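Letters go in sequence order (proteins before strands), and every chain restarts at 1. Treat the numbers as computed from the prediction; the structure is a model and nothing was measured.
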Amino acid sequence: MNFELTEEQQLIGQSARDFGKQYIEPIAVELDHTGEYPKALVQALAKHDFMGLLLPDDVGGAAAGFVSYVEVIEDLSRYCAAVASIVNNHTIAAYAIQQWGTADQKKEYLPGLAKGEVLGGVAIYEHGPTPGVGAEALVATKQDVGYVLNGKKAFVRNAGEAGVYVVFAITDPALGAKSLTAFLVKAAAIGVKVGEKLQTMGLKGCPVADLTFENVVLAETALLGTVNGGAAIASQALAVASVAEAAQTVGIGQAAVEHAAAYAKQRVQFGKPVATLQAIQTLLAEVATDCHLARLGLRNAALLIEEGKPFEVEAAMVKSFLARLGSKMLIDTCQVEGGFGYSESMPLPRMFRDIAGTNLLDAPGDFPEKLIAASIA
Amino acid sequence: MPKCLVCYKWTLDEQDIKIKPEDLSLDASRAKGKISDFDRNAIEEAALLVEKNGGAVDALTYGTATVKQSLKDVLSRGPAKVYWIADASAESADAAVTANVLAAAIRKIGPYDLILCGEGSSDLFNQQTAARLSALLGIPCLTFLQKLSVEGAVVSATRKLEDGTEEVSVTAPVVVSVLSEINKPRIPTLKQVLGASKKPNEEIKLADLGLKPEDLVPKATRSSVKGFVMQRKNVIFKESSAADNVAKLKAGLASEGLI
Amino acid sequence: MPGIIIFSEDSMLAAQLMTPALELKQSLNQPITALALSEADAKALAALGADHAVFLQSAGKWVDGCAEAIFAQVNKAAASIVLIGGTLRGKTIAAYVAARMNAGMTTDAKTLKVENGKLLATRVLYAGLALCEEAVVLPAVATIRSRTFLAPPAAATPGTVESVTVETDARVTLGAVSPTGDTGVDITTAGKLVAVGRGFRKKEDLKLAEELAAVLKAELACTRGIAEDEHWLPIARYVGISGQTVKPDLYLAVGLSGQVQHMVGCRESKVIVAVNTDERAPIFEAADYGIVGDLYEVLPLLTAALRK
């Protein structure tokens, strides 16, 4: 077995880091301040084939594989996790179409998504307790030909910029979540309304908003997968997304610990660099270790995905690990940087806010611990 | 339609090289390999020329066994094929040996209309390869170029020298060396990276080049490599009052007899 | 009888080459032949102690085109050592000649001597990170950069001067030659320099550095970015690995971080002073004195303090 990335994966990672340094680093601070969707940057990402990374080359994708994908997400996240979020949400939408779409759906949507000409988004959450419950639940009512969508989706990332959404709706309120079904809805469809952009704590620049559907008429051909088969799709898509989000978390953590280490080497207190103090060494060591171990775990999960093997438990383990330790990585590195690091002109405060978001977002159908326990007990 | 060859060197990244404080020797154990900085500009320039004029670019490198790490990297940056010579002799090869090897290889795989080099390698910066190749191959050379263009068989360039620029032109074949300011190498896209493994690479064995043993004996040998360490007073003033700092600096300058 | 050959198309640099040439003449007991591209240069070099000075007369104006002709002279003199001025043209010619001689070459030697039948030079490696000794078997070629040596005083007896007509490389067509505007500035002769970097936000702000320089009776210098990217100052003022090398008594670096590529051009200065807001900037390790502070605040105060 080989723990190292292949030469290609390494070169892809290097390209992503070079891209991050040249294109993302100069705008990261401003993006965090304005929260404005970085359109030009997304175009640059597309030009470098980052938007079609997982898609096959016959639709214009790079067909790079999932391990390369998480490597790219980690590297982009070192510079700005919000940018990685845009890419990730787009890629999961494209992934869903690639996995469960019909030949016609793939033909219609994938080329645009692969080239980054169209941005993808996934609409899965609702304000109600579970999808399908509550007054605003998104319901897809069967018509003679097709469906009509009514209701609301919450916290849709890439909302307002996406051209197509993978939308999860219930078809039968009596069955509730068991009737969850996936649809492909064009942003331009009549009745699709994007709500006000949320001012999030972090990951600013990746737009987040509610989507309201008012009598949105969908043809049969908008169905993704099978009727009432949406739960399986959502679960799998979210599990895949969670591995990429783990990469985001690790990317932020790695950037933070490198910055804190560099700071500690030159900050002199009591006559020596603080990097020589045991308390500081402990903090840096723990964060570096957590990043390293999480990275190995997520690469393992990514490889399983790439090989088409069961991966949900491994993905849940990484998710659980980082849910506990993700924010701690930034709490600790901020501790290392002390008062100077607390300033918004330093990068750690932004990373602190960003990393809180990568762990909150998206969970597999069950809590990760439940899934892990079920696999062993 | 120029047939271009880019010669490049796989070097250690000097940013990773540390100076050992005990004896000032160099510690390169953590140094990663990279395509020498100015060679990247040469590779990019060749790629740009071919995108504009058609034709193709090959790459050629001579180094130790580590050059194999460079193959996919260089192929992701434009060349259609890379020729490589991996031999232990490269470890101690000086500019004369390197040029002998490269020239012999070029005679074997060529001819080429345009041979591009960086102005010097980022590690040793001997700045000799292009001119030596010109002498060995009997073709003209245009060095230190900030601009390069090809029109049919005519190669035109702008050299940037200490006292100004020179416009020069010559009919191919020609060897050139380029400055870093000639272009900004693009970051390979993912498709270019993935496409690299589909491109051919060909090993050339040193023994097949027909070189005489004396051609491989370095005439210049390096010794006593020592890190350059600044021994300075490091008297740094960082009071909260700029006026205090200035006063202290003034006193320091006076003590040095500078004011 | 083998000899020492010197050549530079730059008159001042050619004169400077006579100093190491004369030392080598002592060690090797071989005559010096100076090659020149003008009669005036040939005479001047003969006056500095070249045993023979040869004016290479050609119709061609392209300096590099003389490379083969220079090799012919090197061959004729059975040169053991060829010293060529390390201008960019000089380095091109030198490497060409070395290849024709089947000889080794050491680029930009800082010191030169003969030891155990080899030419021993010291030079810089890894973009300024290290220094090394390089031993080249004879016959050997070496290039030497401007101001590495000072020109020697006039010799007691000048050498002979002859003129030779040579062919130059007709393959290359020389078109327009555009000299960079002669600003009349040579920062390499300044005793004090105030060097500016990207800490200055706009071109107009350089006035703060100019005022400081005026009160110090210093010249202005700058980093590569200020000259080549921003064009706020002419290239002649750029200090660094591919710019000028300076050794003033005082090098006051303001708003520049002190990267190795810059410092290699000024690290032999007698006293280095730094002003920078970033305590962690490498310049402070390279400085004798420094102020951590905002140049916009510090410079006016410093200028005023020095006026008193």
Asker: Would you say that B:Asp163 contacts C:Pro179 through its side chain, given a criterion of any heavy-atom pair below 4.5 Å between the two side chains?
Answerer: no

Asker: Among B:Ala96, B:Ala220, B:Pro140, B:Gly164, which residue forms the greatest number of heavy-atom pairs with chain C at distances under 4.5 Å?
Answerer: B:Pro140

Asker: Does the side chain of C:Leu125 reach to within under 4.5 Å of the side chain of B:Asp123, using non-hydrogen atoms?
Answerer: no

Asker: Is the count of non-hydrogen atoms from other residues, nucleotides or ligands lying under 6.0 Å from C:Glu167 atom CD greater than 12?
Answerer: no

Asker: Measuring only between side-chain heavy atoms, which start at C-beta, is B:Lys250 closer than 4.5 Å to C:Leu306?
Answerer: yes

Asker: Take a 6.0 Å sphere around CD of B:Glu214 and say whether it holds more than 12 heavy atoms from other residues, nucleotides or ligands.
Answerer: yes

Asker: Is there side-chain contact between C:Glu133 and B:Arg222, with at least one heavy-atom pair below 4.5 Å?
Answerer: no

Asker: Hey, which of B:Leu124, B:Val97, B:Val155, B:Leu179 has the most heavy atom pairs under 4.5 Å with chain C?
Answerer: B:Leu124

Asker: When heavy-atom pairs shorter than 4.5 Å are enumerated against chain B, which of C:Lys270, C:Met105, C:Met263, C:Lys91 gives the highest number?
Answerer: C:Met105

Asker: What residue in B:Leu26, B:Val246, B:Thr171 has the most heavy-atom pairs under 4.5 Å with chain C?
Answerer: B:Val246

Asker: Would you say CG of C:Asn116 has more than 12 non-hydrogen atoms from neighbouring residues, nucleotides or ligands within 6.0 angstrom?
Answerer: no

Asker: Quick one: what part of C:Lys61 sits under 4.5 Å from any heavy atom of chain B, side chain, backbone, both or neither?
Answerer: neither

Asker: For the atom pair CD (B:Gln127) and OG1 (C:Thr143), what is the distance rounded to the nearest 0.5 Å?
Answerer: 7.5 Å

Asker: Could you check whether C:Glu279 pairs with B:Lys238 (Lys NZ or Arg NE/NH1/NH2 to Asp/Glu carboxylate O, under 4.0 Å)?
Answerer: yes

Asker: Measure across C:Ala95 and B:Ala131 and return the closest heavy-atom pair with its distance rounded to 0.1 Å.
Answerer: CB-CB, 3.6 Å

Asker: Is chain B contacted by the side chain of C:Asp249, its backbone, both, or neither, given a heavy-atom distance below 4.5 Å?
Answerer: both

Asker: So for B:Leu133, is it side chain, backbone, both, or neither that comes closer than 4.5 Å to the heavy atoms of chain C?
Answerer: neither

Asker: Pick whichever of C:Ile291, C:Val136, C:Leu301, C:Val292 has the most heavy-atom pairs under 4.5 Å with chain B.
Answerer: C:Ile291

Asker: Using non-hydrogen atoms only, which part of C:Leu138 is less than 4.5 Å away from chain B: side chain, backbone, both, or neither?
Answerer: neither

Asker: Could you go step by step and tell me if C:Arg123 and B:Asn126 meet the side chain to side chain contact (heavy atoms under 4.5 Å, CB included) rule?
Answerer: CA-CA 10 Å; C:Arg123 60 182 301 263; B:Asn126 285 316; 3.1 Å; yes

Asker: Where the side chain of B:Asn234 meets the backbone of C:Phe284, is there a donor-acceptor pair that is under 3.5 Å apart?
Answerer: yes

Asker: Using non-hydrogen atoms and a 4.5 Å limit, figure out which bit of C:Lys192 sits close to chain B: side chain, backbone, both or neither.
Answerer: side chain

Asker: Please check if any side-chain donor atom of B:Thr221 sits under 3.5 Å from a side-chain acceptor atom of C:Glu134, or the reverse.
Answerer: no

Asker: Can you check side chain to side chain contact (heavy atoms under 4.5 Å, CB included) on C:Val177 and B:Thr165, steps first, answer last?
Answerer: CA-CA 6 Å; C:Val177 175; B:Thr165 60; over 6 Å; no

Asker: Against chain B, label C:Ala103 side chain, backbone, both or neither, depending on which of its atoms sit under 4.5 Å from a heavy atom there.
Answerer: backbone

Asker: Heavy-atom distance under 4.5 Å to chain C: side chain of B:Ile259, backbone, both or neither?
Answerer: side chain

Asker: So for B:Ile19, is it side chain, backbone, both, or neither that comes closer than 4.5 Å to the heavy atoms of chain C?
Answerer: side chain

Asker: Side-chain contact test, heavy atoms from C-beta onward, threshold under 4.5 Å: evaluate it for C:Arg100 versus B:Leu136 and give yes or no.
Answerer: no

Asker: Would you say that more than 12 heavy atoms from the other residues, nucleotides or ligands in this model lie under 6.0 Å from the NZ of B:Lys184, or not?
Answerer: no

Asker: Between B:Leu142 and chain C, which part of the residue has a heavy atom less than 4.5 Å away: side chain, backbone, both or neither?
Answerer: side chain

Asker: Give me the atom names and distance for the closest heavy-atom approach of C:Trp62 to B:Val168.
Answerer: NE1-CG1, 3.6 Å

Asker: Taking 4.0 angstrom as the limit, do C:Arg145 and B:Glu162 come out as a salt bridge?
Answerer: no

Asker: Can you tell which part of C:Leu119 gets under 4.5 Å to a heavy atom of chain B, answering side chain, backbone, both or neither?
Answerer: neither

Asker: Measure across C:Tyr289 and B:Ile236 and return the closest heavy-atom pair with its distance rounded to 0.1 Å.
Answerer: C-CD1, 4.4 Å

Asker: So how far is it from C:Arg171 CZ to B:Ile139 CD1, rounded to the nearest 0.5 Å?
Answerer: 8.0 Å

Asker: Would you mind telling me which of B:Ser224, B:Pro218, B:Ser134, B:Ala242 has the largest number of heavy-atom pairs within less than 4.5 Å of chain C?
Answerer: B:Ser224

Asker: Report the C-alpha separation of B:Ile17 and C:Tyr126 in whole Å, then their side-chain angles, then the decisive distance to 0.1 Å, and conclude whether the side chain to side chain contact (heavy atoms under 4.5 Å, CB included) test is met.
Answerer: CA-CA 9 Å; B:Ile17 300 179; C:Tyr126 298 114; 3.6 Å; yes

Asker: Is it true that B:Glu166 and C:Arg89 have a side-chain N and a carboxylate O under 4.0 angstrom from each other?
Answerer: yes

Asker: Among B:Lys219, B:Lys248, B:Gln15, B:Glu14, single out the residue with the greatest number of heavy-atom pairs under 4.5 Å to chain C.
Answerer: B:Lys219

Asker: Sort out for me which of C:Ile93, C:Val172, C:Asp169, C:Asp10 touches chain B most, counting heavy-atom pairs under 4.5 Å.
Answerer: C:Val172

Asker: What part of C:Val264 gets closer than 4.5 Å to chain B, counting heavy atoms only: side chain, backbone, both or neither?
Answerer: neither

Asker: Side chain, backbone, both or neither: which part of B:Ser255 has an atom under 4.5 Å from a heavy atom of chain C?
Answerer: side chain

Asker: Between C:Leu216, C:Leu250, C:Ile241, C:Asp64, which residue shows the highest count of heavy-atom pairs closer than 4.5 Å to chain B?
Answerer: C:Asp64

Asker: Has B:Arg132 got its NZ or CZ under 6.0 Å from the middle of the six-membered ring of C:Tyr96, at an angle within 45 degrees of the ring axis?
Answerer: no

Asker: Answer whether the closest heavy-atom distance between the side chains of B:Val170 and C:Thr173 falls below 4.5 Å.
Answerer: no

Asker: Among the options C:Gly243, C:Gly104, C:Ala135, pick out the one with the most heavy-atom pairs lying under 4.5 Å from chain B.
Answerer: C:Ala135

Asker: Mind ranking C:Gly290, C:Cys132, C:Ala99, C:Ser146 by heavy-atom pairs under 4.5 Å with chain B and telling me who comes out on top?
Answerer: C:Gly290

Asker: Go through it in stages, so that I can follow the logic: the residues are C:Glu285 and B:Arg232, the test is side chain to side chain contact (heavy atoms under 4.5 Å, CB included), and I'd like the CA-CA distance, side-chain angles, deciding distance and then a yes or no.
Answerer: CA-CA 7 Å; C:Glu285 262 165 73; B:Arg232 294 280 171 179; over 6 Å; no

Asker: Using heavy-atom distances under 4.5 Å, tell me whether B:Ser169 contacts chain C through its side chain, its backbone, both, or neither.
Answerer: both

Asker: Under a 4.5 Å cutoff for heavy-atom pairs, which residue among B:Glu119, B:Gln128, B:Lys160 has the most contacts with chain C?
Answerer: B:Gln128

Asker: Checking B:Leu258 against chain C: side chain, backbone, both or neither under 4.5 Å from a heavy atom?
Answerer: both

Asker: Identify which part of C:Asp108 has an atom lying under 4.5 Å from any heavy atom of chain B, answering side chain, backbone, both or neither.
Answerer: side chain

